[in-house]
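The block underneath contains the structure these notes are about, expressed in structure tokens.
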Amino acid sequence: MTQDYARTEEPTESCSTIPTDLPCTWDSTQVLDKETWIPAKAYSFNSYTTPVVGPGDIDYDIEMMVQGLTVEEKVGQMTQIEVGKLIDCNGRLNETAVEYWIDKWKVGSFLETPGNHGGKYNWYSPKNFADFTDAVQRIALSKGSKLPIIWGLDSVRGANYVKGGTIFPSGTATAATFNPQFAYEAGRIAAKDSRAAGTHWAFGPVLDLAVNKLWSRTYENFGEDPFLSAEMAKLSVMGYQGNYKTDRARVAASIKHFIGYGYPSDGQDRGNRHIAPHELFEYHLPPFQAAIDVGAATVMECYGVINGEAVALSDYYLKSLLREQMQFKGTLVSDWAEINNQALKYSAARDVKHANELALNHTTIDISMVADDESFSEAAIKLVAEDVIPESRLDESVARILQLKKDLGLFETPYADRDLAKTVGSPQDIETARDTARESITMLKNDNDALPLKTSEKVLFVGPIINSTRYMGGGWNVHWQGPSDEEGDAVYQGFGDTILKGIKQIAGVEPEYYLGTDIHGKKYVNIEAILKAAEHADKIVFGLGEHPYAEDLGNIGNLTLPIKQLDLVLKVKDAVPNKSIVIVLVEGRPRLLGKLPNVADAIIDAYLPGAYGGLPVAEILYGVVNPSGRLPITYPSTEAQTSITLWQPAFMEYKPQWPFGYGLGYSKLVYSNITLSSQSLSIGAPITVSVEITNNGPFVQKEVVQLYTHQQYRIGYAAELNRLRAFQKVELAVDETKSVEFKLNAEDLAFWDRSLRRRIEPAPVTVAINPYTQKNISAVIQLNGDINHVISQGILPY
């Protein structure tokens with residue numbers, strides 16, 4: 001998901017127009033949900049280590065159920081309405097409105113949290129959220145089609161819209177761990193906490209590739225690399241879903257946004273994407289295919305257009321590619337109002353009715369996330385009555401929708417599991433989120449022994465992100481756009497921490513801290529006091545970063561951090577040139593840092609570490625934890641580099657600020673003895689690649705060992721700079737040596753050509769281990785193959 005451009009967060013804008021008998025007495029100011037509970041310290045759960053069977057054939061009873069529905073009831077099942085249409089002017093459930101949508105329009109799906117759409121509370125507790133969804137469910141089972149509704153929620157970083165739900169690090173932060181198990185745990189905990197609130201369907205994980213780093217949704221996904229993203233995608237889906245057909249603590253995942261959404265040509269959300277078909281297959285499809293292969297239950301199509309073609313109306317992208325090529329058999333949902341947008345935004349249809357006609361005729365979209373009106377229902381019913389759309393088209397979609405509801409157990413257990421609420425906010429979950437942050441935080445520079453800090457040192461802390469939970473959370477965190485300035489950190493009600501609190505816990509003293517500048521970099525705060533305090537400090541730590549944002553409201557035209565944030569560091573450095581400067585970045589995308597990479601002695605990137613990221617950042621700063629995160633994206637050094645990637649053509653300049661896969665630790669590691677089982681690589685005859693790593697100390701070190709290939713030439717096509725083919729994360733004690741082994745298949749090096757043939761081009765290939773931190777740990781092999789042998793054939797778009 002997900003929001004419409006016209007959407008605001010003002011409660012009065014999202015209240016339903018359906019009347020209520022009650023007088024309007026509320027001033028629309030949301031209040032804290034004061035519901036309290038004592039979270040279970042620990043709890044047991046089913047751990048699924050292998051993929052379960054995903055969507056497939058339709059059960060006979062579901063087929064019969066579909067045949068018993070009227071056209072109006074079928075269209076209702078295909079309709080999804082946002083929760084704001086069910087809320088009255090006092091911020092409470094409007095049962096008259098619920099009956100209107102369910103009884104008159106037979107609506108079968110709702111989405112979102114009342115906290116984003118005019119509900120009384122800004123962050124709904126599991127109990128009050130479940131009270132709301134259960135009340136709607138009771139009406140659905142007694143009115144209209146008398147079928148259970150399915151409720152969707154953007155639980156993309158844990159159940160971020162459920163009060164107390166553990167808010168995990170962002171997607172890019174999770175990818176920076178190079179440990180897919182954390183993607184699994186984030187999905188598992190998100191599922192449990194979402195189910196506690198009476199919701200059944202998570203609109204995640206986000207599997208777009210972060211190509212253009214200006215893009216406001218960079219932080220939501222698993223980075224720029226197709227292999228890393230695919231590995232994270234598999235575990236994430238398995239975490240959300242588990243065995244979702246029997247385990248009622250799991251949800252249906254919705255992999256999004258299909259397809260190519262992360263490469264807007266202008267860096268703006270929903271911008272046009274110029275992606276050649278073979279490049280789409282090579283880079284953008286693998287994460288989605290990996291998720292489908294492990295049983296992803298649903299897919300969400302993307303906003304906008306590719307090469308000018310509207311994705312939401314495309315028979316190629318949403319039928320030939322998704323259903324036939326990739327063999328997806330589950331439920332396909334549109335993004336927010338995206339079918340109507342074809343007429344209202346993109347000028348890709350004559351009017352709204354025509355847009356719905358094209359979507360139904362040309363694609364296999366099953367559910368229209370309308371989300372605010374009756375337009376889809378009105379159009380679809382008329383189109384069937386006019387014989388423009390066959391009723392059999394509705395039957396196909398409704399069968400998939402009802403099968404999904406059956407798989408989720410909604411016909412047997414439609415209401416929230418109130419026992420799950422006891423586990424929401426469990427210390428067990430919080431520690432898992434903190435472990436994710438601990439392994440994600442990436443040290444980019446450390447000169448002059450600036451880090452780790454010592455508790456005996458006098459350290460001055462400056463900057464807006466040092467004392468803020470919401471800045472660590474970013475967007476999709478309590479609200480769509482994160483907590484407002486008025487809500488501040490109070491909205492968390494203790495479900496979170498700050499870097500400042502973490503520092504106090506580790507150092508054992510109250511830190512000396514100044515704001516320095518507001519997060520937007522519009523004004524300096526306490527600058528004279530900072531300069532005076534800097535004179536007496538041993539080291540100065542600056543916390544810089546971004547304010548929370550999501551989607552188009554996060555659009556920027558310049559990747560540079562706010563100038564006053566950067567200048568604050570320079571002012572202090574000019575005043576005390578001999579003092580050690582450390583920079584902590586809390587950011588959703590890699591912002592340009594001006595002169596700071598040269599000025600600072602040490603720089604760590606915490607990405608968006610989540611509501612509980614404060615303690616892990618402090619632990620990294622003080623050496624309690626040795627940093628082991630590695631960049632899942634290329635960190636540009638200029639505006640011209642916003643779209644450079646690891647896999648771009650090798651002839652293009654690749655001189656970023658920091659390359660993909662880069663990151664430092666506090667220990668000295670030595671790589672040696674790269675060994676190949678063969679100098680020749682052929683189909684059906686994989687080779688092994690091994691390397692030895694020694695930790696010379698002085699700390700225990702977790703190390704991400706990365707295997708790359710570079711094909712030295714590819715006839716008719718520009719060879720790529722590098723491709724990540726495998727990785728392992730290993731832990732080494734001081735003075736320990738480990739041998740790490742990888743298997744490399746010739747098929748891994750196949751590529752998609754312009755005719756969408758996946759084939760091998762024989763050539764010498766350089767195999768390298770961690771080429772951006774290690775020198776000369778490489779070898780050359782010969783890739784063998786018949787250029788006419790097609791490993792697989794893609795469906796052409798023309």
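Heads up: numbering here begins at 1 and tracks the sequence.
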Test item: Thr298 side-chain N/O and Ala253 main-chain N/O as donor-acceptor pair under 3.5 Å: yes

Close aromatic pair by centroid cut-off 6.0 Å: Phe132 and Phe129: no

Point-to-point distance, once rounded to the nearest 0.5 Å, from OH of Tyr471 to OG1 of Thr469: 11.0 Å

Side-chain donor-acceptor contact under 3.5 Å, His257 with Glu301: no

Residue pair Ser216 / Asp269, side-chain donor-acceptor N/O under 3.5 Å: no

4.5 Å side-chain heavy-atom contact, Ile563 and Lys522: no

NZ or CZ of Arg589 within 45° of Tyr549 ring axis and under 6.0 Å: yes

From CA spacing to verdict: side chain to side chain donor-acceptor pair (under 3.5 Å), Thr442, Tyr607: CA-CA 9 Å; Thr442 305; Tyr607 310 96; 2.7 Å; yes

Polar contact flag, side-chain donor to acceptor under 3.5 angstrom, Trp476-Gln481: no

Under 3.5 Å: donor-acceptor pair, side chain of Glu551, backbone of Leu553: no

Interatomic distance, Thr498 atom OG1 to Leu615 atom CG [nearest 0.5 angstrom]: 10.0 Å

Thr423 side chain to Lys192 side chain, donor-acceptor N/O pair below 3.5 angstrom: yes

NZ/NE/NH1/NH2 to OD/OE distance under 4.0 Å, Asp552 and Arg217: no

Side chains of Thr645 and Thr634, donor plus acceptor under 3.5 Å: no

Heavy-atom side-chain contact between Asn116 and Tyr161 under 4.5 Å: yes

Flag for Ser125-Glu35: side-chain donor and acceptor within less than 3.5 Å: no

Carboxylate-amine/guanidinium proximity below 4.0 Å for Arg591 and Asp605: no

Aromatic plane relationship, Tyr635 with Trp658 - under 30° parallel, 30 to 60° tilted, over 60° perpendicular: perpendicular

Test: Arg157 cationic atom under 6.0 Å from Phe168 six-membered ring centre, within 45° of axis: no

Centroid-centroid under 6.0 Å between Phe203 and Trp480 rings: no

Nearest-0.5 Å distance that lies between atom CG in Leu235 and atom CZ in Phe222: 9.0 Å

Side-chain (Ser334) to main-chain (Met369) donor-acceptor, under 3.5 angstrom: yes

Leu592 vs Pro636 side-chain heavy atoms within contact, under 4.5 Å: yes

Closest heavy-atom pair and its distance - Tyr492, Ala611: CE2-CB, 4.4 Å

Pair Ile604-Ile620, side-chain contact (heavy atoms from CB on, under 4.5 Å): steps then yes or no: CA-CA 9 Å; Ile604 67 170; Ile620 295 286; 4.2 Å; yes

Salt-bridge criterion met for Glu431 and Arg438 (N-O under 4.0 Å): yes

Salt-bridge criterion met for Arg188 and Asp193 (N-O under 4.0 Å): no

Residues Asp33, Lys127: salt bridge by 4.0 Å N-O rule: no

Any donor-acceptor N/O pair, Asp335 side chain to Tyr303 backbone, under 3.5 Å: no

Asn128 side chain reached by Tyr121 side chain, heavy atoms, under 4.5 Å: yes

Approximate separation, where rounding is to 0.5 Å, of Leu515 CG and Lys523 NZ: 8.5 Å

Short side-chain to backbone donor-acceptor contact, Gln565 and Gly463, under 3.5 Å: no

Residue pair Arg195 / Arg250, side-chain heavy-atom distance below 4.5 Å: no

Test log, rule side-chain contact (heavy atoms from CB on, under 4.5 Å), inputs Leu544 and Ile583: CA-CA 7 Å; Leu544 312 179; Ile583 293 174; 4.1 Å; yes

Proximity of Tyr263 and Trp215 rings by center, below 6.0 Å: no

Backbone of Ala416 reached by a side-chain donor or acceptor of Asp134 within 3.5 Å: yes

Val107 vs Lys85 side-chain heavy atoms within contact, under 4.5 Å: no

Between Tyr346 and Asn272, a side-chain donor and acceptor under 3.5 Å: no

Expected output: side-chain Trp151 to main-chain Glu112 donor-acceptor under 3.5 Å: yes

Side chain Ser236, main chain Met232, donor-acceptor under 3.5 Å: no

Side chain proximity check, Pro39 to Val424, heavy atoms < 4.5 angstrom: no

Ser468 side chain to Pro464 backbone, donor-acceptor under 3.5 Å: no

Test item: Asp429 side-chain N/O and Ile189 main-chain N/O as donor-acceptor pair under 3.5 Å: no

Residues Glu546 and Tyr219: side-chain donor-acceptor under 3.5 angstrom: no

Validation row: Asn558, Glu639 side chains within 4.5 angstrom (heavy atoms): yes

Sub-6.0 Å ring centroid separation between Phe258 and Phe288: yes

From OG1 (Thr642) to CG (Asn212), nearest 0.5 Å: 4.5 Å

Donor on one side chain, acceptor on other, Gln30 and Lys120, under 3.5 Å: no

